[in-house]
Amino acid sequence: MRTDYCGELSPADVGREVKLAGWVNRRRDFGTLTFVDLRDRTGIAQLVFSKGEREVHTLNREDVIAVTGTVARRSEGNVNPGMKTGAIEVHVNALTVLNRSKTPPFLVEGDGSDATEETRLRFRYVDLRRERLQRSLELRHRVFKSTRDFFSDNGFLEIETPFLTKSTPEGARDFLVPSRLTPGSFYALPQSPQLFKQLFMIGGIDRYFQIVKCFRDEDLRSDRQPEFTQLDLEISFPNDKEDVLVILEGAMAHVFRETLGVELDRPFPRVTYTEAISRYGTDKPDLRFGMEICDISEVVANSEFRVFREAIGNGGKVAGILAAGCSSYPRSKIDRLQEIAVSAGAKGMIWLKVEEEVSSPIAKFLSEGELASIREAFSARAGDLILLLAGQGIERPLGELRLAIGREKKPIDDGFGFLWVTDFPLFELDEDGNLTSAHHPFTSPRPEDIPTLEERPLSALSNAYDLVLNGTELGSGSIRIHSRDLQERIFRLLRIGEEEAQERFGFFLRALEYGAPPHGGFALGMDRLVMMMANERSLRDVIAFPKTTTGSCPLTDAPMPVSDAQLGELGLRLNERR
RNA sequence: GGGGGCGUGGUCUAGUCUGGUCUAGGACGCUGGAUUGUCACUCCAGAGAUCGCCGGUUCAAAUCCGGUCGUCCCCGCCA
């Protein structure tokens, strides 16, 4: 049996006889003297074989061995300062080869950039031996543990909800599971435990949380997997949304303190949805850099310049951002920024380089006074670059410009900027012009908007809130509807008919009639949280066995066709085309 | 559903634009040998590739064209 971990040996262990077990990281062989770097989860220790062992010469990378030996201090000059255990080594008395390894497809050293991601995923069990993944998964564990500790200590119960459940009227495509016992019928894997957690509140659980897998059959991205892990929570009798926000802030503060030793500033800043759009051009702004959007419509309202005049005349505006110290940007770079703005929906982009004078392709269309007041509106100083957009719907392109410049100027791992975004619209229009829920149909409207829901649905705001970290949406929540009447009004507005509502979630409407307390909650993407804490750029680097962007698993080759017999049992037959 | 990048020994890649010089180069890894203080050991010798797949153009294709598969990024989509 092993007595120690490789990476934990230190000069304090000198003289001890230890038993180690692990993988051969590397062998350096001098015939009668051989060094082997032995690796386990904690790190690497150098083994020294000098007693003419023959078997040591047969060791290859990733062979699994156990050794008995004595910890010795390395002589002066043989210390390796670049190695955690570089001051000691283990003089081996006995070697046992536990298992041989084929030559691995890639070396376990390094961060993985020496192999394609597909190869890494196909041999994930080798990739997992890397320090980078071991560190990410350990962080993931500690984040999960401290999350559970926090909610448990605050009176929350972790209770599981079913995976084999019913398709609910939410936004994403469902993963379906055919029922053998009821041929032709299907379970759906949950997109979230939304209705179940509301039923917990109706069931008097009062405070519920769960770290739980959710499933959404949509196209993938580097920050989106078909199955992902959420922190799901719900409380009864909240004092408005405040109770939920304070709990989440407490949870994040606890987790960051326990796992990274980082103290988060609380309360987190808040902006309303409307404010976020007008100041940052997005509903998930990255607050690590300023560069707020500056609306100069009033400044140029009477301008002779046609582009400005027409933009404002047509109900649009003129606004821009200040790229401080960027007046030396070459034309090619400015063109690239313009491309970003245009591909986000802008008609064009105007730039002004601020030096002693202001230079710009449009300078000749503007008066001295206008140039000066634009400069003043942005508080621009010599060396700055002003980027202007004009027209309608320019917020999003401005937001893209802001991101492009901000992320270039500042390192992306610069701290943790949490933010609440509140007061989202209750409804929005889909591409066919139909009303849909901006959050989900169980979100309550602000009380003052309830009387006018039917007359002015699009101006109703909701009791919904998003948590944003460094420009990434970490999660969202809301105070829910707990009255059947209001819930039915919402369904009617969404054109979900009485019959359809009954069939799809009549069970839930019925539950609302049996003493549903006021309640609200939140759901937070744990994979994304860990990704950001680990400073990784892909979810796949913080998930042990992730899927590729086409939803396949190179390790297991899932998904796979199944036999006709298996299909038959389920009462299924495939189309000819596939 | 749409746009873009990539696919060459075990791994990563050069070569592809401008077809012939490629009998496909390099690095790492691997195999055999030498080596008592290495830690990216070193030295000597060696093996290893239907250039993702199918088809086309051409005297000639890793290279050009069409299709297809895989993978990555982005838009749509993801309450």
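Chain letters run A, B, ... following the sequence lines, proteins first and then strands; every chain starts at 1. It should be emphasised that the depicted structure is a prediction, and the values quoted were computed from it without experimental measurement.
- Within a 6.0 Å radius of OH in A:Y187, other residues, nucleotides and ligands contribute 12 heavy atoms or fewer.
- If you measure from atom CG of A:L107 to atom C1' of B:rC30, you get 11 Å, rounded to the nearest angstrom.
- Listed nucleotides: B:rA79, B:rC41, B:rC75. Nearest to the side chain of A:H439: B:rA79.
- Distance A:K102 NZ to B:rU31 P: 13 Å, rounded to the nearest Å.
- Rounded to whole Å, the C1' atom of B:rC65 lies 37 Å from the corresponding atom of B:rA47.
- Closest to the side chain of A:Q191, out of B:rG29, B:rA79, B:rC12, is B:rA79.
- As the counterpart of B:rG7, B:rC69 is assigned, both hydrogen-bonding distances of the Watson-Crick or G-U wobble pattern falling under 3.5 Å.
- Between the side chains of A:T58 and A:R100, at least one donor N or O sits under 3.5 Å from an acceptor N or O.
- For the C1' atoms, the distance from B:rG52 to B:rG7 is 6 Å, rounded to whole Å.
- Straight-line distance between the P atoms of B:rC64 and B:rU16: roughly 9 Å, to the nearest whole Å.
- Looking only at atom types and distance, the side chain of A:T34 has a donor-acceptor partner in the side chain of A:D29 under 3.5 Å away.
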Protein-to-nucleotide contact annotation, 5' to 3' order, nucleotides 69-74 of chain B [B base; S sugar-phosphate only; - none; under 4.0 Å, heavy atom]: -SSBSS
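- Taking the C1' atoms as reference points, B:rU68 lies 24 Å from B:rC75, given to the whole Å.
- If you check the side chains of A:Q210 and A:Y208, you find a donor sitting under 3.5 Å from an acceptor.
- Counting only N and O atoms by type, the side chains of A:Q225 and A:D527 include no donor and acceptor under 3.5 Å apart.
- Comparing B:rA79, B:rC77, B:rC39 by their closest approach to the side chain of A:Q194 singles out B:rA79.
- Rounded to whole Å, the distance from CZ on A:F505 to P on B:rA79 is 15 Å.
- Pairing for B:rC59 is with B:rG20, a Watson-Crick or G-U wobble pair whose two hydrogen-bonding atom distances lie under 3.5 Å.
- Counting non-hydrogen atoms of other residues, nucleotides and ligands closer than 6.0 Å to NZ of A:K166 gives a total above 12.
- Here B:rU11 is the nucleotide among B:rC77, B:rC28, B:rU11 with the atom lying nearest to any side-chain atom of A:P105.
- At least one side-chain heavy atom of A:R480 sits less than 4.5 Å from a side-chain heavy atom of A:Q194.
- Nucleotides B:rC12 and B:rU18, compared at atom C1', are 27 Å apart to the nearest Å.
- The distance between atom CG of A:L524 and atom C1' of B:rA79, rounded to the nearest whole Å, is 16 Å.
- Pairing of B:rA45, defined by two Watson-Crick or G-U wobble distances under 3.5 Å, is identified with B:rU31.
- Side-chain contact of A:T550 with A:T548: a donor-acceptor pair under 3.5 Å is present, judged by distance alone.
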Identify all pairs in which a protein N or O lies below 3.5 Å from an N or O of nucleotides 46-50 of chain B, and state each distance.
none

Residue pair A:N463, A:S444: steps toward the side-chain hydrogen bond (donor to acceptor under 3.5 Å, both in side chains) verdict: CA-CA 6 Å; A:N463 273 322; A:S444 65; 3.2 Å; yes
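- Sequence order on RNA chain B of the closest nucleotides to A:T116 and A:N80 puts A:T116 first from the 5' end.
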Review item, nucleotides 35-37 of chain B N/O atoms under 3.5 Å of protein N/O:
{"residue": "B:rU35", "atom": "N3", "partner": "A:D29", "partner atom": "O", "Å": "2.7"}
{"residue": "B:rU35", "atom": "O4", "partner": "A:D29", "partner atom": "O", "Å": "3.3"}
{"residue": "B:rU36", "atom": "OP2", "partner": "A:F30", "partner atom": "O", "Å": "2.8"}
{"residue": "B:rG37", "atom": "O2'", "partner": "A:N78", "partner atom": "OD1", "Å": "3.1"}
{"residue": "B:rG37", "atom": "N1", "partner": "A:E89", "partner atom": "OE2", "Å": "3.1"}
{"residue": "B:rG37", "atom": "N2", "partner": "A:E89", "partner atom": "OE1", "Å": "2.6"}
{"residue": "B:rG37", "atom": "N2", "partner": "A:E89", "partner atom": "OE2", "Å": "3.1"}

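- One can place CZ of A:R122 at 9 Å from P of B:rC12, the figure rounded to the nearest angstrom.
- Atom CE of A:M83 and atom C1' of B:rU38 are 11 Å apart (whole Å).
- Comparing the P positions of B:rC72 and B:rC51 gives a spacing of 25 Å, expressed to the nearest Å.
- Side chain A:R27 to base B:rC41: no donor-acceptor pair is found below 3.5 Å.
- Nucleic acid contact for A:T443: none, since no nucleic acid atom lies under 4.0 Å from a heavy atom of the residue.
- Distance CZ (A:F123) to C1' (B:rC12): 15 Å, rounded to an integer number of Å.
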Residue pair A:T42, A:D40: steps toward the side-chain hydrogen bond (donor to acceptor under 3.5 Å, both in side chains) verdict: CA-CA 5 Å; A:T42 61; A:D40 62 25; 2.6 Å; yes
Verdict with reasoning, A:R26 to A:Q46, per side-chain hydrogen bond (donor to acceptor under 3.5 Å, both in side chains): CA-CA 10 Å; A:R26 199 181 268 276; A:Q46 173 166 280; over 6 Å; no
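- Inspection of the A:E89 and A:H91 side chains reveals an N or O donor paired with an N or O acceptor under 3.5 Å.
- B:rU11 and B:rG4 have their C1' atoms separated by 26 Å, given to the nearest Å.
- Using a 4.5 Å heavy-atom threshold, the side chains of A:F35 and A:V56 count as separate.
- Rounding to whole angstrom units, CD1 of residue A:I340 and P of B:rC75 are separated by 12 Å.
- For the atom pair CG of A:L95 and CG of A:L38, the computed distance is 10.0 Å after rounding to the nearest 0.5 Å.
- Under 4.0 angstrom from either OP1 or OP2 of B:rA79 there lies at least one side-chain N or O belonging to A:R216.
- B:rC74 sits 42 Å from B:rG48 when the P atoms are compared, rounded to a whole Å.
- Across all strands shown, A:T119 has heavy atoms under 4.0 Å from sugar-phosphate atoms exclusively, and none from any base.
- Under the Watson-Crick or G-U wobble criterion, with both distances below 3.5 Å, B:rG76 has no partner in any strand shown.
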